[in-house]
Enquirer: 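There's a structure below that I have some questions on.
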Amino acid sequence: MREFNEQERIRIEKLKEISKTERIYPNDVKVRNTILEIRNAFDNKNREELEANLGKEIFSIAGRIMGWRSFGKVHFLDLKDMTGKIQLFVSRGNTGLSDEKFEKFKRHLDIGDIIYCEGYPFKTKTGELSIAVKDFRLLSKCIHPLPEKWHGLSDIELRYRKRYLDLIMNDEVKEIFRRRNKIISLIREHLDKEGFIEVETPMMHSIPSGANARPFVTHHNALDMKLYMRIAPELFLKRLVVGGFEKVYEINRNFRNEGISTQHNPEFTMIEFYWAYKTYEDLMIFTENMLADIALRVTGSHKVMYQGMLLDFTPPFKRIKVKDALISECGIKPEEIDNIDTLKDKAKSLGIEIPKYATKGYLMMSIFEEMLEDKLIQPTFVLDFPIEVSPLSRKKDSDPTLVDRFELYIAGREIANAFSELNDPFDQAERFMMQLEFKEKGDEEAMVFDEDYINALEYGMPPTAGEGIGIDRLVMLLTDSPSIRDVILFPLLRPEVRS
RNA sequence: GGGCCGUUAGCUCAGUUUGGUAGAGCAGCUGACUCUUAAUCAGCGGGCCGCAGGUUCAAGUCCUGCACGGCCCA
């Protein structure tokens with residue numbers, strides 16, 4: 001049995017007392033108005049206009065009591081619903097409560113309770129729009145005292161563990177998740193406008209595929225088989241392009257069995273979209289226009305402040321090629337960029353550990369990540385990745401060691417990854433074989449050979465470009481959130497151990 | 001995995017330097033108060049000081065280990 005503290009026991013006693021004369025936890029009230037409606041209708045009216053209305057048109061609202069100021073025979077409460085906050089004015093008399101109801105009001109209710117009330121809008125001496133309460137009902141009791149009214153709930157661990165309490169207390173948290181919803185809606189709007197179809201592909205895969213990452217493993221009892229939580233939907237979405245869905249997207253969770261940080265949660269949300277008869281160059285233009293529009297409509301400007309950095313989403317975004325950046329920014333000479341020994345020396349000098357399966361491309365990207373990633377503050381497309389680190393991308397016509405691929409960096413973080421898709425089944429089979437070699441040499445993130453995917457490509461996939469955008473990271477940027485946990489409602493935490 | 005920091009009342013925090021009866025504000029309870037908005041005034045109650053060991057006459061405080069969390073690094 002739960003143990004309750006003194007304050008909680010008092011509130012439970014109040015509930016018991018109420019239950020003697022009425023149903024507790026009732027659901028038979030009809031809430032006809034929202035606080036926002038009342039504000040919109042009366043905020044602009046002056047005291048005299050509202051005075052004339054007093055006692056005539058009655059409104060009904062419901063919400064949570066967030067504050068209480070008592071003067072004995074008059075009480076001021078703050079009531080909050082999903083649309084806003086309004087002050088309740090509770091007294092006795094014609095436009096107030098009966099003596100009996102007034103006593104019940106004082107005796108039964110607490111800060112935190114969810115109540116229904118009916119009353120008349122008016123303005124107090126200080127000009128604050130308030131509801132003169134004519135009748136009320138307790139709908140749901142708050143057994144626990146709410147956090148302190150001034151400082152609120154600030155303990156980070158408690159905020160994540162008890163997100164409901166965080167949402168009750170911190171309006172800015174609600175705003176972050178409203179904004180997250182808006183961002184996702186806008187992405188859908190942009191894709192729907194182009195004639196895309198939204199689909200859902202499996203979350204459980206019999207072979208992990210579509211990205212270089214370690215999967216979560218689970219087991220299906222009836223089929224007695226291993227299943228992997230998906231690390232990416234890529235190969236399924238491209239099967240759909242083969243099937244004739246030429247513009248297709250999915251917004252859903254990926255699961256990666258890796259560490260947790262301010263940038264990583266084991267489950268995170270991605271949008272992946274595939275667009276037949278387009279190239280990665282087309283996607284850069286689409287992406288910069290879409291992100292600029294979202295930034296503008298969500299924050300009101302193309303220029304967004306993130307953690308002290310002013311990010312400029314005005315298109316076009318900067319474009320740099322991987323090799324050019326290594327040469328101009330990392331002190332590698334043009335004639336040595338393709339020399340594996342030079343790259344190894346450079347990597348060593350940066351303290352990068354060099355695994356057995358390290359190739360030129362692997363080293364180039366390691367050096368890039370170590371030296372340049374953090375510096376890409378303004379939105380920047382990094383293009384033309386080495387083929388060894390891009391097993392699903394189309395080879396460049398002009399240079400078979402590179403692929404038609406870009407990643408978008410903003411505020412030093414990878415936000416999007418896109419490429420012209422590899423639709424040549426013979427080349428794809430070779431790439432899978434190359435991945436297997438890496439795996440044998442110890443690369444745990446190397447891809448597995450997916451025979452059915454090759455088979456799908458053998459039926460013919462149109463030339464296609466595809467892209468993935470990390471929704472959580474994008475939301476972080478547009479809500480000025482320092483941690484991914486601030487934009488995920490229920491981030492993964494170790495379970496609390498109670499002694 | 002490593003380093004640093006944190007964990008005290010329902011919440012927000014003092015108290016740890018220099019070991020000696022556990023503190024404040026909000027919230028709660030009792031009383032006063034008919035226009036406040038962090039209302040005000042008077043009084044009262046509320047503690048496994050994260051957990052487990054150790055040192056000591058004596059530990060919230062010092063030492064060790066563990067748990068959970070935060071930031072940084074890998």
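Proteins get letters first, then strands, A, B, ... in listed order; numbering begins at 1 in each.
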Enquirer: Nearest-Å distance, NZ (A:K162) to C1' (B:C11)?
Expert: 11 Å

Enquirer: Residues in side-chain hydrogen bond (donor to acceptor under 3.5 Å, both in side chains) with A:E467, at least two apart?
Expert: A:T287

Enquirer: Could you state the atom-to-atom distance from CD of A:Q263 to P of B:A74 in whole Å?
Expert: 14 Å

Enquirer: Starting from the 5' end of RNA chain B, give me the residue, A:R47 or A:L153, whose nearest nucleotide shows up first.
Expert: A:L153

Enquirer: Using a strict heavy-atom distance below 4.0 Å, which residues from residues 63-83 of chain A are in contact with RNA chain B?
Expert: A:R69, A:S70, A:F71, A:G72, A:K73, A:V74, A:F76

Enquirer: In residues 120-132 of chain A, what residues come within less than 4.0 Å of RNA chain B, judged by heavy atoms?
Expert: A:T124, A:K125, A:T126, A:E128

Enquirer: For A:D99 and B:U34, what is the distance between atoms CG and C1' respectively, to the nearest whole Å?
Expert: 14 Å

Enquirer: With sequence neighbours left out, what residues match A:D341 under side-chain contact (heavy atoms from CB on, under 4.5 Å)?
Expert: A:N339

Enquirer: Between A:H144 and A:E8, do the side chains contain an N or O donor and an N or O acceptor separated by less than 3.5 Å?
Expert: yes

Enquirer: Pick the C1' atom in B:G45 and in B:A27, then give their distance to the nearest Å.
Expert: 13 Å

Enquirer: Please list every stem that involves RNA chain B, where a stem is a run of 3 or more consecutive Watson-Crick or G-U wobble pairs with both pairing distances under 3.5 Å.
Expert: B:1-7 with B:67-73, B:10-13 with B:23-26, B:28-32 with B:40-44, B:50-54 with B:62-66

Enquirer: Applying side-chain contact (heavy atoms from CB on, under 4.5 Å), can you list everything that pairs with A:S154, at least two apart in sequence or on another chain?
Expert: none

Enquirer: Kindly compute the distance separating CD1 (A:I156) from CG (A:D166), expressed to the nearest 0.5 Å.
Expert: 10.0 Å

Enquirer: Between B:G43 and B:A24, how far apart are the P atoms? Round to whole Å, please.
Expert: 12 Å

Enquirer: Look up atom CD1 in A:I340 and atom NZ in A:K344, then write down how far apart they are to the nearest 0.5 Å.
Expert: 5.0 Å

Enquirer: Just jot down the side-chain contact (heavy atoms from CB on, under 4.5 Å) partners of A:L158, sequence neighbours excluded, or say none.
Expert: A:L153, A:D155, A:K162

Enquirer: Quick check for you: to the nearest 0.5 Å, what is the distance between A:I352 atom CD1 and A:I367 atom CD1?
Expert: 6.0 Å

Enquirer: Could I get the full list of side-chain contact (heavy atoms from CB on, under 4.5 Å) partners for A:N181, not counting sequence neighbours?
Expert: A:S185

Enquirer: How far apart are the closest heavy atoms of A:K134 and A:G93, and which atoms are they?
Expert: NZ-O, 4.1 Å

Enquirer: Look at the aromatic rings of A:W68 and A:F105 and report parallel, tilted or perpendicular, splitting at 30° and 60°.
Expert: tilted

Enquirer: Short question: side chain of A:S60, backbone of A:V31 - any donor-acceptor pair under 3.5 Å?
Expert: no

Enquirer: What's the closest nucleotide to the A:Q7 side chain, out of B:A39, B:C13, B:G28?
Expert: B:G28

Enquirer: Among all residues two or more places apart in sequence or in another chain, which pass the side-chain hydrogen bond (donor to acceptor under 3.5 Å, both in side chains) test with A:S481?
Expert: A:T479

Enquirer: Measuring only the P atom in each nucleotide, how far is B:G70 from B:U34? A whole number of Å is fine.
Expert: 50 Å

Enquirer: Reckon A:G152 touches a base, only the sugar-phosphate, or nothing at all at heavy-atom distances under 4.0 Å?
Expert: sugar-phosphate

Enquirer: Roughly how many Å apart are B:G3 and B:U40, using the C1' atom of each and rounding to a whole number?
Expert: 50 Å

Enquirer: Work out how far the C1' atom of B:G50 is from that of B:G69, and round it to whole angstrom.
Expert: 11 Å

Enquirer: With rounding to whole Å, what would you report as the distance between B:G65 and B:G28 at their C1' atoms?
Expert: 39 Å

Enquirer: Can you measure A:L158 atom CG to B:C13 atom C1' for me and round it to whole angstrom units?
Expert: 14 Å

Enquirer: What distance separates A:Q378 CD from A:M309 CE, expressed to the nearest 0.5 Å?
Expert: 9.5 Å

Enquirer: In plain terms, say whether A:D171 and A:K80 are close enough for a salt bridge, that is, a side-chain N and a carboxylate O under 4.0 Å apart.
Expert: yes

Enquirer: Can you sort out the partners of A:E6 under salt bridge (charged side-chain N to carboxylate O under 4.0 Å, His left out), two or more places apart, ordered by chain and number?
Expert: none

Enquirer: Atom NE2 of A:H151 and atom P of B:G10: how far apart are they, to the nearest Å?
Expert: 18 Å

Enquirer: Establish, with yes or no, whether the OP1 or OP2 oxygen of B:A27 is under 4.0 angstrom from a side-chain nitrogen or oxygen of A:K149.
Expert: yes

Enquirer: Please list, pair by pair, any protein nitrogen or oxygen found under 3.5 Å from a nitrogen or oxygen in nucleotides 69-71 of chain B.
Expert:
unit_1, atom_1, unit_2, atom_2, d
B:G69, OP1, A:R494, N, 2.9
B:G69, OP2, A:R494, NE, 3.4
B:G69, O4', A:E157, OE1, 3.0
B:G70, OP1, A:R485, NH1, 2.1

Enquirer: Polar pairs (N or O, both sides) under 3.5 Å between protein and nucleotides 29-31 of chain B?
Expert:
unit_1, atom_1, unit_2, atom_2, d
B:C29, OP1, A:K14, NZ, 3.1

Enquirer: For the residue pair A:F76 and A:F89, does the interplanar ring angle fall in the parallel (under 30°), tilted (30 to 60°) or perpendicular (over 60°) class?
Expert: perpendicular

Enquirer: Pick the P atom in B:C71 and in B:A52, then give their distance to the nearest Å.
Expert: 28 Å

Enquirer: Could you tell me how far B:A59 sits from B:U17 if I compare only their C1' atoms? Round to whole Å.
Expert: 16 Å

Enquirer: So, is A:N5 near the phosphate of B:G10, with a side-chain N or O under 4.0 Å from OP1 or OP2?
Expert: yes

